[in-house]
Amino acid sequence: MSEEEEKPSNFIRDFIDEELAANKHEQIVTRFPPEPNGYLHIGHAFAIQVSHGIAKDYNGRFHLRFDDTNPAKEEDEYVQAIKKDVSWLGADWKDHLYFTSDYFDQLFDWAIHLIKEGKAYVDDLTPEEMREYRGTLTEVGKNSPYRDRTPEENLELLEAMKAGKFEEGSKVLRAKIDMAHANMNMRDPVLYRIMHTPHHRTANKWKIYPSYDFAHGQSDAIEGITHSLCSLEFEFHRPLYNWFIENLPVPHTPRQIEFARLNVEYILTSKRKLLQLVNEGHVRGWDDPRMPTISGFRRRGYTADAINEFCYRAGVAKRERLNEYSLLEYCLRQDLEAKVHRRMAVLDPVKVTIENFPEGETEWYEGPNHPANPEMGTRKVPLTKEIYIERGDFMENPPRKFFRLGIGREVRLRYACYITCTSVVKDDEGNITEIIATFDPESRGGSTPDNRKVKGTIHWVSASENVEIEARNYGQLFTKTVPDDVEEGQTYIDNLNPNSETVSTIYGEPELKNAKIGEAFQFERKGYYVVDPDTTDTKMVFNESVGLRDSWSKKAGK
RNA sequence: AACCUGGUGGUGUAAUGGUAGCACAGCUGAUUUUGGUUCAGCUAGUCGGGGUUCGAGUCCCUGCCGGGUUGCCA
């Protein structure tokens, strides 16, 4: 791209620039703090791009920290998948891999510190009672009857909670702040809750677990995070974040800055809903090519460069936004256009018989792997008497600006020669079953001595020398740009697109036999395709990543 | 409803009191052995109303609209 001139500008970087100018930091340190309870999606890719991008551009440090404070939802499987996705995206945490659970001892000591200072207490209120006592958005809350327990009693109770002497949900440790605060987060928030569930890393060591609020800022402080970047919904937590930093003897003072999360048309970015799609079998798994997960995009053929470029172009802002899907597609095409080899494949075949082509013979033509980059080499494609072309590349009664094949019309077979259609064969229902054509022997190589022009060049595949491919073509998973936009009583499940995947058998040029899983190609005049992991020695499977821009069908569609 | 926060072309994002710019999308045209790519160009915007100022997208007041917040989730 053009990084050298386009310096990213956004309110977070402006803020950092100001601080740097005031000598507030030696080094910028950011972090990405996923909870290991699901797979990463494109929204996370955006968050990673923002935090990692800043650390990188300012020669700082980037930490990956698993925010594992809720053992009921978290699993090691997710830790592994997330690490893979983060590094695939190109965000390198080097040796800065952390877990909030690494800090459980320290966090517990800080809880004791607050109790000793008279700023935390053990509360016996039930969850329901707590809700009542908390008040509402318009009414102040009232103090818990347990709020004035002595530090000694609180210490004793907390130790007993830690030792597993109480049932889950029977007690919590709360900060003593202000039950009348306008910000609900400041109405004596919960610091610790009792959970007997084993933790994926600390096993049975703990019976109490810190809440997000009590863990996050302090973890940032421990790691020396300078800028703790998160999404807008944490804005209301910032006063609490700062309260802990101010009331605890933490080693650093991190700053929380919020920005708007990324929203993209047709895409759902909710782990819970994505999990539902997987669990209910609406998709085949987390890495289904229709999923907006990193693993889904990867399988679909999206590259890390394309995703990062998209996130970069989407920009960082403070307002809610909905990005057009076309930008994502543009970023992918742009990336693939330069990197990927060209091949020919016919997706909707109709047979063409070239009458004057010698029976049983094969002529081999050479095609460049990339039209603009000779260094990418060439490959050979075989021409035989019978070939397949795209059904849509022939019309019996073509409209005015149709450049392709029709009766009496001449087109170029890409890389090979000119053919002219002489007649068609139809079945009883009038469907074209075969196209009869002749070729000009002088046109071998794709041009003629008389230099006559042909308006159209079409792709083709030998009917006898080809490779059969299962092609999986994709549409949007949802029919609405905002999947959650539903009628009363419906859910996003009702907006699922029943035609999000179409599977068909297509024919590719023989060279495609050598394609490896994960390898991407441009099927000329059609789109970008990638080899799916379902491919075996006997069956090739390709996923459509994105179609080529198509100004003809756009025009013809009108 | 209370508090917080935000409103710039169709979409996304810049402009930090001084010519409203960039990208995507859309539309023209040129080039092209992909109706692809590339190149050139066009269309189109400061939520409304007041005020401050020589000058306001930017500052002030007000109205309208959007988003967030009432878990022992993160």
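In what follows, chains carry the letters A, B, and so on, assigned in the order in which the sequence lines appear, proteins first and then strands, with residues in each chain numbered from 1.
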Taking only N and O in the side chain of A:R525, is any of them less than 4.0 Å away from OP1 or OP2 of B:G35?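 Yes, because at least one side-chain N or O of A:R525 sits under 4.0 Å from OP1 or OP2 of B:G35.
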
Contact under 4.0 Å: A:R321 side-chain N or O vs B:U13 OP1/OP2: yes

Taking any heavy-atom pair under 4.0 Å as a contact, classify [X]: base, sugar-phosphate, or nothing.
X      : value
A:A317 : sugar-phosphate
A:R174 : nothing
A:K401 : base
A:H216 : nothing
A:V316 : sugar-phosphate

In whole Å, what is the span from the CD atom of A:Q334 to the P atom of B:A23? 12 Å

Whole-Å gap separating P (B:G21) and CG (A:N10):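 So the two atoms are 22 Å apart, to the nearest Å.
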
For the base of B:G35 and the side-chain ring of A:F403, does the geometry meet a stacking cutoff of under 5.5 Å between centres and under 30° between planes? yes

If we require ring centres under 5.5 Å and near-parallel planes under 30°, does A:Y212 stack on B:A74?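 Here A:Y212 fails the 5.5 Å or the 30° condition.
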
How about [X] and [Y]: are their ring centres within less than 6.0 Å of each other?
X      : Y      : result
A:Y133 : A:Y146 : no
A:Y365 : A:Y415 : no
A:Y78  : A:F66  : no

Look at the rings of [X] and [Y] and say which category their plane angle falls in: under 30° parallel, 30 to 60° tilted, over 60° perpendicular.
X      : Y      : value
A:F542 : A:F523 : tilted
A:H216 : A:Y241 : tilted
A:W206 : A:F104 : perpendicular

Canonical and wobble pairing (Watson-Crick, G-U, under 3.5 Å) of RNA chain B, dot-bracket with |: .((((((..((((....[..)))).(((((.......)))))....(((((..]....))))))))))).....

Just do the side chain to side chain donor-acceptor pair (under 3.5 Å) check on A:S228 and A:Q256 with the steps written out, would you? CA-CA 5 Å; A:S228 185; A:Q256 174 179 305; 5.3 Å; no

[N] base / [X] side chain donor-acceptor hit below 3.5 Å:
X      : N     : value
A:Q522 : B:U34 : yes
A:R404 : B:G35 : yes
A:E324 : B:G10 : yes
A:R319 : B:U8  : yes

Base of B:G55 relative to its sugar, syn (within 90° of 0) or anti?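 What B:G55 shows is an anti base, its glycosidic angle lying more than 90° from 0.
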
When A:E410 is tested against each of A:K455, A:R404, A:R452 for salt bridge (charged side-chain N to carboxylate O under 4.0 Å, His left out), which residue passes?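 The single option meeting the salt bridge (charged side-chain N to carboxylate O under 4.0 Å, His left out) with A:E410 is A:R452.
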
Side chain of A:F236 only, heavy atoms from C-beta on: which candidate in B:C73, B:C3, B:A25 is closest?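 Looking only at side-chain atoms, A:F236 lies closest to B:C3.
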
So which nucleotide from B:A14, B:U37, B:U70 ends up closest to the side chain of A:S9? B:A14

Heavy-atom closest contact (A:L268 atom, A:K273 atom, distance):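 So the two residues come closest at CD2-CB, 3.8 Å.
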
Determine whether a donor-acceptor pair (N or O, by modelled atom type, separation under 3.5 Å) exists between the side chain of A:R187 and the backbone of A:R134. yes

I need the residues from residues 184-200 of chain A with at least one non-hydrogen atom less than 4.0 Å from RNA chain B; give them sorted by number, or say none.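 The answer is A:M184, A:V190, A:R193.
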
